[in-house]
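These notes concern the structure reproduced below.
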There are 2 protein chains.
Amino acid sequence: MTKPDNAPNLYDQWLDSLSESGYRVTAPRRAIVEIVANSPRALGPLEIYDQGRAEYRGLGLVTVYRTLEKLEELGLVQRVHHPQGCHMYLRAADGHEHLVLCTSCGKAEYFSGDNIDKLTHAVARKTGFEIREHWLQLFGLCSDCKNK
Amino acid sequence: MTKPDNAPNLYDQWLDSLSESGYRVTAPRRAIVEIVANSPRALGPLEIYDQGRAEYRGLGLVTVYRTLEKLEELGLVQRVHHPQGCHMYLRAADGHEHLVLCTSCGKAEYFSGDNIDKLTHAVARKTGFEIREHWLQLFGLCSDCKNK
DNA sequence: TTGATATTGAAAACCTTTTTCAATTATAGC
DNA sequence: GCTATAATTGAAAAAGGTTTTCAATATCAA
């Protein structure tokens, strides 16, 4: 949308990032990166493993875990807490963004522009807490699932 | 020890609720209810099990799981997602409330009065989602941990 | 091309949660 | 207060999901 056409896609960006950080770019990692970078929804390790084997036969589940760990460490991927399933992984947010998740198909979209400063101040005053960060996720039906 | 409290405390309320729903009030359940109802922080099954055995020797971990399941079903307890640990249990909110969690000691407090309607409408317009619910948690330092 | 070493997958180990099952216990009805 | 009966219990086993171990393999710098 706001991305120039010649901009490198996430797939290339992530592989470059791995490489630049001294990690090796291997066939299993390419398969995993391709799947997670292009997924519209957060995926669990097992889903990634299943999809990944369609692309790279010998892929091991262990490698999925290890690769996700590295992608998360590099800030490329982030763990998402669904009501069911707390080890789901999604491309990371761009700065300060939050998620809207479709309760039907799982589709995830980031949005920005939350302004909860007034709220955090009020809570800080009332509870005595010093607020450092917040988690915000919206749930609902995406435009596709809404029309069914 | 049992709570000699004349006001309707959570402990009594929860046991009554179990009883009224046709569930039996047993020694293991009393131990579990006492711990969870009085805890200032969300607890995991293993923590509850450990603390519970101090009160009821023969307590089994399985019973902790089963009792939490019933307390949740009755709306007395709710599951809390911490960054680490997604199976933590805490006394349920009173209506529409959200949590502030202390990142140091885990202390949990509910607050109300969030107004994110404007936000959900904006997000709905931008993304095409039909927003049904939201999930909001604040993190920070409680007044005790702040002064250290 | 080669060599050092990061990475791999299989298997085993772990840890948490669920199921199974015989024994126990709370409670309603007498 | 008893008794019958059905819910509840804890131990053990099973089931998941995640992590560790380790020898074999593949990447990448030189």
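Put simply, R66(B) has no side-chain N or O that comes within less than 4.0 Å of OP1 or OP2 on dA7(D). The phosphate of dG17(D) has neither OP1 nor OP2 within less than 4.0 Å of any side-chain N or O from H87(A).
The CD1-P distance, from I32(B) to dT8(D), rounds to 12 Å in whole Å. Rounded to an integer number of Å, the gap from R79(A) CZ to dG17(D) P is 15 Å. The distance from atom CG of L68(B) to atom C1' of dT18(C) is 14 Å, rounded to the nearest whole Å. Across the protein-nucleic acid pair, Y65(B) atom OH and dG16(D) atom P stand 16 Å apart, rounded to whole Å. Atom CD in E69(A) sits about 12 Å away from atom P in dT8(C), given to the nearest Å. Rounding to whole angstrom units, CG of residue L61(A) and C1' of dT8(C) are separated by 13 Å.
With sequence neighbours excluded, the residues forming a side-chain contact (heavy atoms from CB on, under 4.5 Å) with A31(A) are E55(A), Y56(A), listed by chain and number. Listed by chain and number, the residues in a ring-ring contact (aromatic ring centres under 6.0 Å, His included) with H134(A) are H96(A), H98(A) (sequence neighbours excluded).
Among pairs with a residue in residues 124-134 of chain B, those fulfilling salt bridge (charged side-chain N to carboxylate O under 4.0 Å, His left out) read E130(B)-R132(B), at least two apart in sequence or across chains. The salt bridge (charged side-chain N to carboxylate O under 4.0 Å, His left out) contacts involving residues 87-112 of chain B comprise K107(B)-E109(B), where partners must be two or more places apart or lie in separate chains. The stretch residues 40-51 of chain B participates, sequence neighbours left out, in these side-chain hydrogen bond (donor to acceptor under 3.5 Å, both in side chains) pairs: R41(B)-E47(B), Y49(B)-R53(B).
At a non-hydrogen distance threshold of 4.0 Å, Y56(A), G58(A) from residues 39-58 of chain A come into contact with DNA chain C. DNA chain C lies under 4.0 Å from at least one heavy atom of each of the following residues of residues 17-26 of chain B: R24(B), V25(B), T26(B).
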side-chain contact (heavy atoms from CB on, under 4.5 Å) between L43(B) and M88(B), worked out: CA-CA 5 Å; L43(B) 299 172; M88(B) 317 277 292; 5.8 Å; no

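Mapping R29(B) and V62(B) onto DNA chain D by nearest heavy atom places R29(B) closer to the 5' end of the strand.
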Check: residues 135-148 of chain A side-chain donor-acceptor pairs under 3.5 Å, at least two apart:
residue: K146(A); atom: NZ; partner: G128(B); partner atom: O; Å: 2.9
residue: N147(A); atom: ND2; partner: S143(A); partner atom: O; Å: 3.0

Under 3.5 Å, side-chain donor or acceptor atoms of residues 69-76 of chain B against the rest of the protein: list the pairs with distances, not counting sequence neighbours.
residue: E73(B); atom: OE1; partner: Y23(B); partner atom: OH; Å: 3.4
residue: E73(B); atom: OE2; partner: Y23(B); partner atom: OH; Å: 2.8

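Side-chain contact between N38(A) and L10(A) is absent, with no heavy-atom pair separated by less than 4.5 Å.
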